[in-house]
Chemist: 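What follows is a single structure, and I will ask about it in a moment.
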There are 2 protein chains.
Amino acid sequence: MNPESISTFPVRIRVVLADDHKMILAALRSLLAKESDIEVVGDAADGHALLELAGRTAPDVAVVDIGMPSMNGIEATQQLLAVHPALKVIALSAYSDRRFVMEMLDAGARGYLVKASAGDELPRAIRAIMQGRTYLCPEVAGTLVEAARGKARGEPTAQLSRRERDVVALLAEGHSSLVIGERLHIAGSTVEVHRRNIMRKLNLHSIAELTKYAIREGLTSP
Amino acid sequence: MNPESISTFPVRIRVVLADDHKMILAALRSLLAKESDIEVVGDAADGHALLELAGRTAPDVAVVDIGMPSMNGIEATQQLLAVHPALKVIALSAYSDRRFVMEMLDAGARGYLVKASAGDELPRAIRAIMQGRTYLCPEVAGTLVEAARGKARGEPTAQLSRRERDVVALLAEGHSSLVIGERLHIAGSTVEVHRRNIMRKLNLHSIAELTKYAIREGLTSP
DNA sequence: TCGGCACTACCTGATATCCGGTATGGAATT
DNA sequence: AATTCCATACCGGATATCAGGTAGTGCCGA
């Protein structure tokens, strides 16, 4: 027991981490362990685990990698905020593409960091978020400014439903309709219908084209 | 000053890190900072910086991310070992593709970890390497075993033939075997054989995975 | 000259894709 | 209340994938 630290930080910021690379998870955890006002209360390797974790640990902040398999960071954020509206989400990504940024912010993220950011940006972002501010790393702020200048109107980025995006991501991982059905707890035939609707909407005609689309959209990583 | 730690670890393992993501760099650094027998003496964001760093700090071990811009981890490792033959290199990658693994080991790396490995694998790998052992994470060991079973002889990098690359590129464009056959003026059944050989060589099991491979290899664009 | 390898080609069979159709329940919108 | 959209589910059929096998030709290195 350490009375000094208790009096200095009576309430530490409770953080959960989500990334599909366990090693990165461990590394980020130890990065944040140095901050005495921040406590990492759990980590998850995909969106489903993140949802379960958030329900169990009731964190203040979730740091979410965008490029996760099965359920990516964008979907995870939407579902997370639907259940826990008070939760604050910080997106972490290798890229600063406008599409990712916009979709993640639309999904309700309050912060966006690229992995090329300096290491001390993460704790700074967490503290800023906890004060109710929005935190964007410089690269992302730049792309946002460009986006705002180029297009004031919001274009239809997401023409696929949430379920369809789930299916696209899993198809692009190389799974068959039957396996995807088991994963999503629906019939394989339903997955088939989703796939056909997706292909008709996007004018695609093969799994290869679908996979490329998923990669361009960040629904899976190459 | 702490005499105890000095006497306990008179010679700490000197490590340098290379990754294009600064945040990952900082996170890995803090992950290793917990290990009292390991000292991170520097980090670099690309191959050139790594070469300069190694010349300046004379480390025992270099942990190198494969996916770096301008000079990737494979080239960097080759050049690094040409100048510092005693240096021990551990490859760090998001993927466990046989091609990457083989090329990295051919380049002289003594260890290979995927980022999905557990966080404590990195310090374990570093210690193993320092004892002159080779350290491969389970995923990589698996692909190596398959490679060894397929080819008893130590052939470098089971690469694809020119024709197989043609077929991969066209498959990744979404064409069927029959159409590809017409395009290449060979029978569709021959294209089928090429596809099967490719998939066996690369340990892929679907067009989606094949498409991702083609994109990573630059055989087609996303 | 022999073995290995790449490229070519065909056969069989199980499974999957791809493209139609129909239909129900729920949620959101009008 | 009616409409529209999404998600769910099933049927049928043509085509393709995926995974085995065999086999001939040509080229190159041991």
Side-chain angles (χ1 to χ4, degrees), chain A residues 70-71 75 78-79 82-83 156-214 219, chain B residues 98-99 102 146-214 219:
Chain A
S70 87
M71 175 165 35
E75 299 301 325
Q78 287 171 343
Q79 298 195 24
V83 184
T157 316
Q159 37 188 337
L160 297 185
S161 70
R162 188 174 69 250
R163 203 52 158 176
E164 287 170 338
R165 288 180 162 254
D166 291 342
V167 172
V168 168
L170 289 168
L171 283 169
E173 294 291 327
H175 302 299
S176 72
S177 295
L178 211 62
V179 171
I180 294 171
E182 291 170 8
R183 188 78 68 90
L184 297 179
H185 304 105
I186 58 179
S189 55
T190 303
V191 176
E192 283 280 294
V193 173
H194 285 311
R195 183 179 54 70
R196 277 156 40 199
N197 290 337
I198 291 161
M199 286 181 159
R200 197 184 57 248
K201 279 185 185 178
L202 302 175
N203 193 30
L204 306 176
H205 302 87
S206 67
I207 292 292
E209 291 173 274
L210 196 84
T211 302
K212 289 187 178 190
Y213 169 83
L219 296 172
Chain B
R98 198 165 100 196
R99 176 165 180 276
M102 295 305 250
E146 299 209 3
R149 249 204 312 235
K151 292 191 170 187
R153 221 38 248 132
E155 199 71 16
T157 329
Q159 273 180 347
L160 299 185
S161 67
R162 187 174 296 104
R163 203 54 158 175
E164 287 171 337
R165 291 187 162 251
D166 291 341
V167 172
V168 168
L170 289 169
L171 283 169
E173 294 294 327
H175 301 301
S176 71
S177 295
L178 211 62
V179 171
I180 293 172
E182 292 169 8
R183 188 77 68 91
L184 297 179
H185 304 105
I186 59 179
S189 55
T190 303
V191 176
E192 283 280 294
V193 173
H194 285 312
R195 183 180 54 70
R196 275 157 39 199
N197 289 337
I198 292 161
M199 286 181 159
R200 197 183 57 247
K201 279 186 185 179
L202 302 174
N203 194 29
L204 306 175
H205 301 86
S206 68
I207 291 292
E209 291 173 275
L210 195 81
T211 303
K212 290 186 178 190
Y213 169 84
L219 296 172

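In what follows, chains are A, B, ... by sequence order, proteins preceding strands, each numbered from 1.
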Chemist: Examine distances only and state if a side-chain atom of K212(A) and a backbone atom of E173(B) form a donor-acceptor pair shorter than 3.5 Å.
Modeler: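 Not confirmed, K212(A) side chain does not pair with E173(B) backbone.
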Chemist: Rounding to an integer number of Å, can you tell me how far I207(A) CD1 sits from dC19(C) C1'?
Modeler: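 Roughly 13 Å, once rounded to whole Å.
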Chemist: Grab the CD-C1' distance between E192(A) and dA16(D) for me, whole Å please.
Modeler: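 One finds 13 Å between C1' of dA16(D) and CD of E192(A), rounded.
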Chemist: Under 4.0 Å, heavy atoms only, any strand: does H205(A) hit a base, just the sugar-phosphate, or nothing?
Modeler: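 H205(A): backbone/sugar contact only, no base atoms under 4.0 Å.
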Chemist: For R162(B) and V193(A), take the nucleotide of DNA chain C holding the closest heavy atom to each; which residue's nucleotide lies nearer the 5' end?
Modeler: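 Closest to the 5' end, via its nearest nucleotide, is R162(B).
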Chemist: Which listed nucleotide (dT17(D), dC19(C), dG21(D)) is nearest to the side chain of R196(B)?
Modeler: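 Within the option list, the nearest is dG21(D).
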Chemist: Between dC10(D), dC18(C), dA6(C), spot the one nearest the side chain of A187(A), thanks.
Modeler: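 Nearest to the side-chain atoms of A187(A), counting from C-beta on, is dC10(D).
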Chemist: Any idea which of dT8(D), dT17(D), dT17(C) is nearest the I186(A) side chain?
Modeler: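 Closest nucleotide among those given: dT8(D).
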Chemist: Mind calculating the distance between CG (L178(A)) and C1' (dA9(D)) to the nearest angstrom?
Modeler: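 So the CG-C1' distance, L178(A) to dA9(D), works out to 14 Å.
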Chemist: Has the side chain of E164(A) got a donor or acceptor atom sitting under 3.5 Å from an opposite partner on the base of dC6(D)?
Modeler: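 For E164(A), whose side chain was compared with the base of dC6(D), there is no donor-acceptor pair (under 3.5 Å).
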Chemist: Please report, rounded to the nearest Å, how far the C1' atom of dT17(D) is from the CD1 atom of I180(B).
Modeler: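 Rounding to the nearest Å, CD1 of I180(B) and C1' of dT17(D) are 12 Å apart.
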Chemist: Describe the nucleic acid contact of R195(B) in one word from base, sugar-phosphate, nothing, applying a heavy-atom distance below 4.0 Å.
Modeler: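 Contact class for R195(B): base.
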Chemist: Does a side-chain heavy-atom distance below 4.5 Å link I186(A) with R163(A)?
Modeler: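 When only atoms from C-beta onward are counted, R163(A) and I186(A) do touch, with a gap below 4.5 Å.
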Chemist: Using a cut-off of less than 4.0 Å, is there contact between a side-chain N or O of S189(B) and OP1 or OP2 of dC10(C)?
Modeler: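 Yes.
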Chemist: Could you give the NE2-to-P distance, from H194(A) to dC5(D), as a whole number of Å?
Modeler: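 About 17 Å, once rounded to whole Å.
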Chemist: Side chain of S176(A) only, please: which of dT17(D), dA9(D), dA16(C) is the nearest?
Modeler: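 In terms of side-chain proximity for S176(A), the closest of dT17(D), dA9(D), dA16(C) is dA16(C).
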Chemist: Pick out which of I180(B), V191(B), L219(B) makes a side-chain contact (heavy atoms from CB on, under 4.5 Å) with L170(B).
Modeler: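 Of I180(B), V191(B), L219(B), side-chain contact (heavy atoms from CB on, under 4.5 Å) with L170(B) is met by I180(B) alone.
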Chemist: Would you mind reading off the distance between L204(B) atom CG and dT17(D) atom C1', rounded to a whole angstrom?
Modeler: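 Going from CG in L204(B) over to C1' in dT17(D) covers 14 Å.
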Chemist: To the nearest angstrom, how far is I198(B) atom CD1 from dC18(D) atom P?
Modeler: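 For the pair I198(B) CD1 and dC18(D) P, the rounded distance is 11 Å.
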Chemist: If the threshold is 4.0 Å, N to carboxylate O, is there a salt bridge linking E192(B) and R195(B)?
Modeler: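 Salt bridge flag = yes for R195(B) with E192(B).
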Chemist: With a 4.0 Å cut-off on heavy atoms, is R163(A) in touch with a base, just the backbone sugar-phosphate, or nothing at all?
Modeler: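 Sugar-phosphate, no base atom in range.
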Chemist: When you look at T211(A) and L210(B), which way does the side chain to side chain contact (heavy atoms under 4.5 Å, CB included) test go after all the steps?
Modeler: CA-CA 10 Å; T211(A) 302; L210(B) 195 81; over 6 Å; no
Chemist: L184(A) has an atom CG; how far is it from atom P of dA9(D), in whole Å?
Modeler: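 About 10 Å, once rounded to whole Å.
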Chemist: Answer with base, sugar-phosphate or nothing: what part of the nucleic acid does T190(A) contact at a heavy-atom distance below 4.0 Å?
Modeler: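 Since a base atom lies under 4.0 Å of T190(A), the category is base.
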